[in-house]
Amino acid sequence: MLTRVARPGSPLDMAAHMMLASALTQYEKKKDEALAVSRRLTQLVPTSSNAHLSLANQYLLWGELDASKKALEDARRCLPEHPMESELTEVRAKGYILDALDAMLAVLTRQDAKALQRMLDYSREQTHGYQWMVLLADIYLGHIYKLAGLEEKARYHYEKARDTEGTRQVRDMAGTFLDGEDIRKQIKLPDEQTRRLREWLLNGPLASR
């Protein structure tokens, strides 16, 4: 197993932890084990924004929205304030990813119109060339509409992510949600929160978007 042979905290070890956590969540549905793997990675490399972002995504997929928000804040703190020129592209891309996840959490927890608009802008490729971000935004929008029971809009964004050129892992993730995987089995919103989200999406300031 890669997590046992790679040097702790090395790029290979980080990739192995992320792949293992993803497999435990996506295929084996083992919440405690998946979160334990992701938390261990943040302990091995506490200054890695990727490690904290991976944990934030795991918390999100298991419906722990407050914990996801905290991990997201930790990830943002790990980004360099004054990156070298060679780091600018990577830091900028990570910033878009953090913004998209933060926007999704804002929409789910408090129906934030500005946050939803940011995600729609990402989906429309107003992201200065970061195609990976477009894919991720469409998956998150698919999740939002699915959680609200708006099946047609959810399918539109999942299909858009699946059919857009870009990172295969993200496209494959979109495909799993089109093929029957239901985000509502992982993110379990209370009935009242689901009702408010649906009503807001249907009748709120961005209902026609």
Side-chain angles (χ1 to χ4, degrees), residues 22 25-26 29 31 53-73 75-76 94-127 130-164 166-167 169-209:
S22 178
T25 293
Q26 188 170 347
K29 314 301 182 189
K31 175 182 178 179
L53 178 59
S54 177
L55 179 60
N57 273 306
Q58 285 298 317
Y59 276 129
L60 171 64
L61 287 174
W62 288 109
E64 298 193 18
L65 304 188
D66 290 339
S68 180
K69 176 72 173 176
K70 170 64 169 57
L72 188 65
E73 292 168 354
R76 199 180 294 279
K94 286 182 182 177
Y96 282 125
I97 295 169
L98 294 173
D99 285 348
L101 181 52
D102 185 53
M104 178 178 177
L105 291 170
V107 170
L108 292 180
T109 58
R110 62 177 188 274
Q111 289 78 65
D112 188 312
K114 289 183 179 179
L116 180 59
Q117 183 63 67
R118 285 204 308 275
M119 298 187 75
L120 291 168
D121 287 344
Y122 285 138
S123 173
R124 292 165 186 151
E125 303 188 36
Q126 298 175 22
T127 54
Y130 290 106
Q131 195 65 29
W132 201 91
M133 188 63 257
V134 177
L135 296 171
L136 193 59
D138 276 309
I139 288 178
Y140 285 168
L141 284 165
H143 290 349
I144 288 171
Y145 289 118
K146 188 76 171 183
L147 289 166
L150 301 175
E151 303 288 341
E152 185 176 340
K153 285 194 171 185
R155 186 167 190 84
Y156 166 78
H157 285 287
Y158 286 146
E159 287 181 343
K160 184 171 176 293
R162 182 199 60 190
D163 297 339
T164 300
T167 304
Q169 181 182 8
V170 182
R171 291 168 59 205
D172 287 349
M173 188 190 308
T176 65
F177 289 106
L178 282 169
D179 292 339
E181 182 68 28
D182 193 335
I183 192 65
R184 290 172 295 192
K185 294 179 181 178
Q186 296 175 347
I187 302 178
K188 298 184 184 299
L189 299 180
D191 290 345
E192 178 59 23
Q193 187 176 356
T194 300
R195 186 196 64 76
R196 287 200 308 269
L197 177 63
R198 179 184 175 87
E199 178 71 16
W200 179 75
L201 290 170
L202 287 173
N203 301 305
L206 298 177
S208 62
R209 302 300 176 90

Identify every side-chain donor-acceptor pair in residues 133-141 under 3.5 Å, counting partners at least two apart or on other chains, and give the distances.
{"from": "D138", "atom 1": "OD1", "to": "S123", "atom 2": "OG", "distance (Å)": "2.7"}
{"from": "D138", "atom 1": "OD1", "to": "H157", "atom 2": "ND1", "distance (Å)": "2.7"}
{"from": "D138", "atom 1": "OD2", "to": "K160", "atom 2": "NZ", "distance (Å)": "2.7"}
{"from": "Y140", "atom 1": "OH", "to": "N57", "atom 2": "OD1", "distance (Å)": "2.6"}

(message) Please evaluate residues L72 and L60 with respect to the criterion side chain to side chain contact (heavy atoms under 4.5 Å, CB included), reporting the C-alpha separation (whole Å), side-chain torsions for both, the decisive distance (0.1 Å), and the verdict.
(response) CA-CA 10 Å; L72 188 65; L60 171 64; over 6 Å; no
(message) Using side-chain heavy atoms (C-beta onward) and a distance below 4.5 Å, is S68 in contact with W62?
(response) no
(request) Would you give the length of the straight line joining atom CZ of F177 to atom NE2 of H143, rounded to the nearest 0.5 angstrom? (result) 4.0 Å
(request) Search all heavy atoms of A115 against all heavy atoms of A106 and return the closest pair with its distance. (result) CB-CB, 3.7 Å
(request) Over all heavy atoms of both residues, which pair between A100 and M119 is shortest? Give the atoms and the distance, please. (result) O-CE, 4.1 Å
(request) Give a yes or no on whether a salt bridge exists between E159 and K153, defined as a side-chain N under 4.0 angstrom from a carboxylate O. (result) no
(message) With rounding to the nearest 0.5 angstrom, report the NZ to OH distance, K146 to Y158.
(response) 6.5 Å
(request) Decide yes or no on side chain to side chain contact (heavy atoms under 4.5 Å, CB included) for W200 and L116, but give the supporting numbers first. (result) CA-CA 11 Å; W200 179 75; L116 180 59; 3.8 Å; yes
(message) I'd like to check the side chain to side chain donor-acceptor pair (under 3.5 Å) partners of K31; sequence neighbours left out, ordered by chain and number.
(response) E64
(message) Under 4.0 Å between a side-chain nitrogen and a carboxylate oxygen: does that hold for R110 and D112?
(response) yes
(message) Would you compute the distance between atom CG of L65 and atom CD of Q193 and round it to the nearest 0.5 angstrom?
(response) 6.5 Å
(request) Start with the C-alpha gap between Q111 and L201, add the side-chain angles, then the distance that decides, and say whether side chain to side chain contact (heavy atoms under 4.5 Å, CB included) holds. (result) CA-CA 8 Å; Q111 289 78 65; L201 290 170; over 6 Å; no
(request) Please tell me if the side chains of D102 and R118 come closer than 4.5 Å, counting only heavy atoms from C-beta onward. (result) yes
(request) Flag the pair K185 / D182 as yes when at least one side-chain heavy-atom distance between them is below 4.5 Å, and no otherwise. (result) yes
(message) For E192, give me all partners under side chain to side chain donor-acceptor pair (under 3.5 Å), at least two apart in sequence or on another chain.
(response) R195
(message) Between L197 and V107, is there a side-chain heavy-atom distance shorter than 4.5 Å?
(response) yes
(request) Check whether any side-chain heavy atom of T194 sits under 4.5 Å from a side-chain heavy atom of L147, and report yes or no. (result) no
(request) Take atom CG of N203 as the centre, draw a 6.0 Å sphere, and report whether it contains more than 12 heavy atoms from other residues, nucleotides or ligands. (result) yes
(request) Show your reasoning for whether salt bridge (charged side-chain N to carboxylate O under 4.0 Å, His left out) applies to D99 and R76. (result) CA-CA 9 Å; D99 285 348; R76 199 180 294 279; 3.3 Å; yes
(message) To the closest 0.5 Å, what do you measure between CZ (R196) and OG1 (T109)?
(response) 10.0 Å
